[in-house]
Amino acid sequence: MPELPEVETIRRDLAAKVVGRKIMSVHILSPKSAAPNAVFLKKNLLGRKIIRLERRGKLLIFALSPSTDLLGSKSDSADYLLIHLKMTGQLIYVDKKDSLAGGHSLSAQAKSLAEAVGGTLPNRHTRAIIGFSQGARLFFNDLRRFGYLKLVGAAELAKILQNNYGPEPLTAAFSLTAFQSALTGRKTKIKALLLNQKIIAGLGNIYADETLWLARIHPERRAGALSAVEAKKLWRAINRIIGRAIEYRGTTFNNYVDAGGRQGNFFGFLKVYGRAGKRCPACRTTIVKSKIVGRGTHYCPHCQI
DNA sequence: CCTTGTGTTCTCCG
DNA sequence: CCGGAGAACACAAG
């Protein structure tokens, strides 16, 4: 489940590989994964350079060089490729020298990559392949097909970002006062609020649970009922957990791998997520898992009140 | 049946 | 009856 730290890890690694590179080929293996459609994506990606790679919450934004197609819409030309990995998406970059196709004489890097993706690429979950010069390829794999590639113009991108994404942890926009005012008057459970991308962009189920454990707050508490002290603890916990998780290149719980096919290193730092029935590292009480706002929620019933 | 991120739809309340 | 908040549902597929 790629959340902010995992998507940021992919963004950083991938930026070094693809920014400045020209797109030489586009293969859409699963039309359902491409918006508005596979034909439009192919037509508008071919021959263009990736000039920046950005991220907003869990959304990757590939900024493209201006289109040479003078017949294209001038009002809002499709200059941004959005990629969302949702639950099971992977973006894996492979240089020609690391090609998995041969099977013989693989480099050590290629071997670990092959292990991570369960064999060769493309595999049966590959939904799209973007080819660059010198045989380099970017594979979009997505077992459950919830993720997508979507090509949009600047105006549509601005609308998407404005309508769906609140401030990012670890940025000036995510100030303590901004967080406090997002809590005031809210009757929703704090767990639901943490998952709401319009309030904080980038937290998913793993980091929401970890954050609440660190702040010692019960997931069913009403957001607006948190004291000023609790709000500050939670705000600090969000920044701490997200910062640490980025440092450790994210969490591999199920099938997350980075752009090089490597696992994240934050798994061992998880205190509650996926640890139901085990003991709380702080007090030794058995960690509970329950369903809160429709999501599996892990917490310590003793520490978190 | 379970899993999750997000968009959509439903329901409630003032 | 309107608007907004929050909850519930829909989606995919193993």
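Just so it is clear: chains get the letters A, B, ... in the order the sequence lines come, proteins before strands, and each one is counted from 1. Hydrogens, waters and symmetry mates are skipped; everything else that's a heavy atom, side chains included, is used. Only a predicted model underlies this, so the values are computations on that prediction, with no experimental measurement involved.
- Taking atom CG of N196(A) as the reference point, atom P of dA7(C) lies 11 Å away to the nearest angstrom.
- Clustering ILVMFWY residues whenever any of their side-chain heavy atoms sit less than 4.5 angstrom apart, transitively, puts L161(A) in the very cluster that holds Y80(A).
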Task: Base-contact (B) and sugar-phosphate-only (S) positions in nucleotides 1-14 of chain B, heavy-atom cut-off under 4.0 Å, - elsewhere - done: --BBBBS-------

Produce the list of close N/O pairs, under 3.5 Å, pairing protein atoms with atoms of nucleotides 4-6 of chain C; give distances to one decimal.
unit_1: dG6(C); atom_1: OP1; unit_2: K187(A); atom_2: N; d: 2.6
unit_1: dG6(C); atom_1: OP1; unit_2: T188(A); atom_2: N; d: 3.4
unit_1: dG6(C); atom_1: OP2; unit_2: R186(A); atom_2: NH1; d: 2.7

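- No option in T9(A), D258(A), N265(A) other than D258(A) meets the side-chain hydrogen bond (donor to acceptor under 3.5 Å, both in side chains) test with R249(A).
- A donor-acceptor pair shorter than 3.5 Å can be found between the side chains of E6(A) and Y207(A).
- Using modelled atom types and a 3.5 Å distance limit, the side chains of Y93(A) and D95(A) yield a donor-acceptor pair.
- Here K271(A) does not pair with D209(A) in a salt bridge; the nearest charged N to carboxylate O distance is not below 4.0 Å.
- Counting non-hydrogen atoms under 4.0 angstrom, L143(A) reaches the backbone sugars and phosphates but no base.
- With sequence neighbours excluded, the residues forming a ring pair (Phe, Tyr, Trp, His ring centres under 6.0 Å) with F269(A) are Y248(A), F266(A), listed by chain and number.
- No hydrogens or angles considered: a donor-acceptor pair under 3.5 Å links the side chains of K191(A) and N205(A).
- Side-chain contact, T88(A) with D142(A): a donor N or O sits under 3.5 Å from an acceptor N or O.
- Contact between the side-chain N/O atoms of R145(A) and the OP1/OP2 oxygens of dC11(C) is not found at any separation under 4.0 Å.
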